[in-house]
Amino acid sequence: GRAPARRAVARHAAEDGEAEAREGPAPRPSEAQAWQLLREITEIATSAGPWMGATRSWQAANAALETAMSVVRHGEAPPLWDALTSLTSGVFGGPVQDEAFAKVLRRLFENLGATYVKLGQFIASSPTLFPEAYVREFQKCLDKTEATSFEKVEQIIEEDLGRPLSEVFSRFNRRPMASASIAQVHDAVLASNGERVAVKVLKPGVQSVLQADLGFLFIAAKVLGFLAPMLARASLVDIVSEIRTSMLGELDFRLELKNMEIFRAFLASKRLTRRAAAPKPYPEVSSKRVLVMEKFEGVPLADLDGIRAYSANPEATLISALNVWAMSVRTCEIFHADVHAGNLLVLKDGRVGFIDFGIVGRVPQQIWVVVEGLGAALIANDSLAIARALIAMGATETGVDENRLADDLTELLSRISNLKPEVRVKKDQSKGDVTAEVGLDESQVTDLLLDIFRVADENGLKLPREFALLVKQALYFDRYNRLLAPDLDPLRDSRIDLGLSSSKRRGARVIDV
């Protein structure tokens, strides 16, 4: 069975206690550091605006009340109380009932809105940083924000582009085809050339709310690090800073536009445009808050029956998708770092369409070198070599038992290889048609990811977040593999080039998610 999850603070407290015993007490902050902290607090408070702090405090109180009422209504108060009382033992290293606490925290985040929904999604994608119960629970984090009215969308477009909406688009669907926490997408037709496009518009007020919320989180982390220097060793400020930089970056659609241009240039330079595509952006009618791009027509890579309508050979389509993605990891400035079924399409012309470049990755040279060795070990089915590659990649303060890690990995890889895809049969009530698709559940991918990092953690190994990002995409492709080509072995098939032994990379890179 699985070992009980422990709160991150408990784990860090134990680690910090050991560190203090080895290194002595952390030095007290200096007067200069105190003044620097005050300057940062003032700058962040000023950037958020004079009234936003008070407004968000009132909204937070309402969200907390709504969450508390929901807990009582669902009869969850007793387990939550048990979880809260267990925190005392957790600080001293005892087990904590994380599941009940994580469930309530997830609901609170949903009620708090855009910032905390995005934060929940960050937690869900970061098993190297957060306890298992929270990663698992925040997979369920719902984006409940309502769609913005057409009138406000029209106002934003006209303010940013400096001309009436009717001059830019000959047709604009007033109802969004998708709506999320920070933006919504409308179907439209460009007036200049008649091209069908997707128009992504930042929701009003989102930027000031995110700046206020993320500023508060950053200040809280800095103050905690100042008052309790031992917490600095837990990298709390670094984690919050990474979250803040990542989420604020998503508010500037010019960055996503640039990512699309980079990926499209990569496809052209490698002569891959007959096999794959990314939407063409229109910078002349785009801005920080408006992104206009080519609209793709296709079906998700997990829709087997839909794929057969556009591709005579689903296996070849999968091979194209995998080869293009793997080559982008090795040779492109960025790679797509969120290849779930909604972001990989099979287009009507049979090509693979990569969409949504809000989350991209860049892999450091030193990690890719180890990944190459890991790939060779996987091909050889050598668990001991796999263990050594992971040890070379990870951070550890104590020696790792290679043989024990190898045994754990053998068992884990056996479980992964024996997983069977869930095939769902759907019936169109209006037409009477019956179709099938594979159950490509996000929670299934998360479970596998957690299993991998649990094995590493239990063996005293901390793997980098960049590697987690790569592994998650590999697990998505493994699910597609089982649906579209169950007999295909991507590690050994000569038609697939993962570049595990011959790739040459440019200089070191850093993660950007």
To the nearest 0.5 Å, tell me how far [X] [atom1] sits from [Y] [atom2].
X: M393; Y: I391; atom1: CE; atom2: CD1; value: 11.5 Å
X: I182; Y: K200; atom1: CD1; atom2: NZ; value: 6.0 Å
X: L322; Y: T317; atom1: CG; atom2: OG1; value: 12.5 Å
X: D338; Y: Y476; atom1: CG; atom2: OH; value: 5.5 Å
X: F266; Y: M327; atom1: CZ; atom2: CE; value: 6.0 Å
X: I452; Y: L412; atom1: CD1; atom2: CG; value: 5.5 Å

Please name the pair of heavy atoms, one in [X] and one in [Y], separated by the smallest distance, quoted to 0.1 Å.
X: A102; Y: E137; value: O-CG, 3.5 Å
X: L409; Y: S383; value: CD1-O, 4.3 Å
X: Y480; Y: V339; value: OH-O, 2.6 Å
X: P279; Y: R264; value: O-CD, 3.2 Å
X: G361; Y: A337; value: N-CB, 3.7 Å
X: L484; Y: P486; value: C-CD, 3.8 Å

With side-chain contact (heavy atoms from CB on, under 4.5 Å) as the criterion, how do D303 and D305 come out once you've worked through the C-alpha distance, each side chain's angles and the decisive distance to 0.1 Å?
CA-CA 6 Å; D303 183 351; D305 288 296; 4.2 Å; yes
Are any non-hydrogen side-chain atoms of [X] and [Y] less than 4.5 angstrom apart?
X: V471; Y: L475; value: yes
X: V363; Y: F467; value: no
X: L267; Y: F354; value: no
X: L463; Y: L461; value: yes
X: V352; Y: L345; value: no
X: E261; Y: E256; value: no
X: L384; Y: R388; value: yes
X: E297; Y: L347; value: no

Dump the intermediate steps for ring pair (Phe, Tyr, Trp, His ring centres under 6.0 Å) on F357 and H336, then the final yes or no.
CA-CA 7 Å; F357 285 81; H336 198 300; 5.0 Å; yes
Would you confirm whether [X], through its side chain, and [Y], through its main-chain N or O, come within 3.5 Å as a donor-acceptor pair?
X: T331; Y: S328; answer: no
X: S320; Y: A316; answer: yes
X: H340; Y: Q473; answer: no
X: D356; Y: L344; answer: no
X: N111; Y: R107; answer: yes
X: R351; Y: R274; answer: no
X: N323; Y: D497; answer: yes
X: D493; Y: L488; answer: no

Given the rule in the side-chain contact (heavy atoms from CB on, under 4.5 Å) test, do I386 and L413 qualify, once you have shown the distances and angles that lead to the verdict?
CA-CA 11 Å; I386 295 172; L413 292 173; 3.8 Å; yes
Would you call D457 and R454 a salt bridge, using N to O less than 4.0 angstrom?
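Judged by the 4.0 Å cut-off on N to carboxylate O distance, D457 and R454 do not form a salt bridge.
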Assess whether a salt bridge exists between R492 and D489, defined as any Lys/Arg side-chain N lying under 4.0 Å from an Asp/Glu carboxylate O.
yes
Does the pair L105 and Y134 meet the rule for a side-chain contact (heavy atoms from CB on, under 4.5 Å), with working shown?
CA-CA 9 Å; L105 198 62; Y134 296 86; 4.1 Å; yes
Going by the ring-ring contact (aromatic ring centres under 6.0 Å, His included) test, which pairs reach into residues 298-330, not counting sequence neighbours?
W325-F335, W325-F477
Is there a side-chain contact (heavy atoms from CB on, under 4.5 Å) between E411 and D407? Walk through the geometry before answering.
CA-CA 7 Å; E411 180 184 346; D407 290 342; over 6 Å; no
For D401 and N459, test the side chains for any donor-to-acceptor distance below 3.5 angstrom and give the result as yes or no.
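No, N459 and D401 have no side-chain donor paired with an acceptor closer than 3.5 Å.
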